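Encoded as structure tokens, the structure appears first; notes follow it.
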Amino acid sequence: MLVLAGEFALLFFNRSLVCGYLVIAGLFGGALGLRVVRLYPGRPEPLMLDASAVLLALLFSLFAGWLSSSPWRLGIIPFSSLIILPHLVYIVRTPSLK
């Protein structure tokens with residue numbers, strides 16, 4: 001549900017997609033930093049999950065920049081959930097997190 005809300009927010013602020021994806025990268029980067037110093041309040045997860053989310057969000061930001069003046073920029077929003085896909089796969093495949 002939260003993912004859907006995030007995608008609607010990106011759709012609503014579609015003129016600022018680059019900033020939106022940079023914010024997402026920053027949030028996952030912050031979570032990565034907290035995990036590295038062992039201050040993250042949630043369950044432990046591999047660092048690669050947050051690192052991959054940061055990388056994917058930065059790539060989406062790059063694509064959004066390239067498509068900034070094109071109506072095609074809206075086409076990348078439905079694929080934004082790929083950013084958290086590694087987290088979802090990990091949660092589904094790890095019995096203790098279900």
Side-chain angles (χ1 to χ4, degrees):
M1 190 63 145
L2 193 56
V3 174
L4 193 58
E7 289 188 7
F8 275 121
L10 287 173
L11 189 58
F12 185 74
F13 296 108
N14 70 70
R15 296 278 180 206
S16 304
L17 284 180
V18 173
C19 290
Y21 288 121
L22 289 176
V23 166
I24 292 169
L27 292 171
F28 278 109
L32 176 62
L34 289 173
R35 285 189 201 279
V36 167
V37 297
R38 300 182 191 273
L39 292 176
Y40 189 80
R43 292 183 175 150
E45 292 181 351
L47 297 177
M48 190 60 186
L49 294 176
D50 288 325
S52 66
V54 170
L55 179 64
L56 288 169
L58 290 174
L59 287 172
F60 272 90
S61 177
L62 187 64
F63 290 139
W66 284 339
L67 298 172
S68 63
S69 61
S70 167
W72 289 100
R73 73 182 179 284
L74 300 176
I76 64 173
I77 294 174
F79 296 100
S80 297
S81 53
L82 290 175
I83 296 170
I84 64 157
L85 185 63
H87 283 84
L88 297 177
V89 170
Y90 178 77
I91 290 167
V92 168
R93 295 192 63 169
T94 307
S96 64
L97 297 178
K98 291 181 184 175

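If you're wondering where the values come from, they're calculated on a predicted model, not measured in any experiment.
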Looking only at non-hydrogen atoms, find the nearest pair between Ser68 and Gly65 and report the distance.
OG-O, 3.2 Å
The reported gap from CZ in Phe63 to CG in Leu17 (rounded to nearest 0.5 angstrom) is 13.5 Å
Please say yes or no: joined through hydrophobic side-chain contacts below 4.5 Å, possibly via intermediate residues, are Tyr40 and Ile91 part of one cluster?
no
Same cluster (ILVMFWY, side-chain, under 4.5 Å), Leu85 and Phe79
yes
Go through it in stages, so that I can follow the logic: the residues are Ile76 and Tyr21, the test is side-chain contact (heavy atoms from CB on, under 4.5 Å), and I'd like the CA-CA distance, side-chain angles, deciding distance and then a yes or no.
CA-CA 11 Å; Ile76 64 173; Tyr21 288 121; 3.9 Å; yes
Criterion side-chain contact (heavy atoms from CB on, under 4.5 Å) on Ser52 and Phe28, from CA distance to verdict
CA-CA 9 Å; Ser52 66; Phe28 278 109; over 6 Å; no
Against Ile83, only a single residue in Leu56, Val54, Leu55 fulfils side chain to side chain contact (heavy atoms under 4.5 Å, CB included); can you say which?
Leu56
Look up atom CE in Met48 and atom CG in Leu32, then write down how far apart they are to the nearest 0.5 Å.
10.0 Å
State plainly whether one hydrophobic cluster holds both Val18 and Leu74, where clusters connect Ile, Leu, Val, Met, Phe, Trp and Tyr through side-chain heavy atoms under 4.5 angstrom apart.
yes
Closest non-hydrogen atom pair between Ile24 and Ala57, with its separation:
CG2-CB, 3.9 Å
For residues 27-37, which residue pairs qualify under salt bridge (charged side-chain N to carboxylate O under 4.0 Å, His left out), counting only residues two or more places apart or in two chains?
Arg35-Glu45, Arg35-Asp50
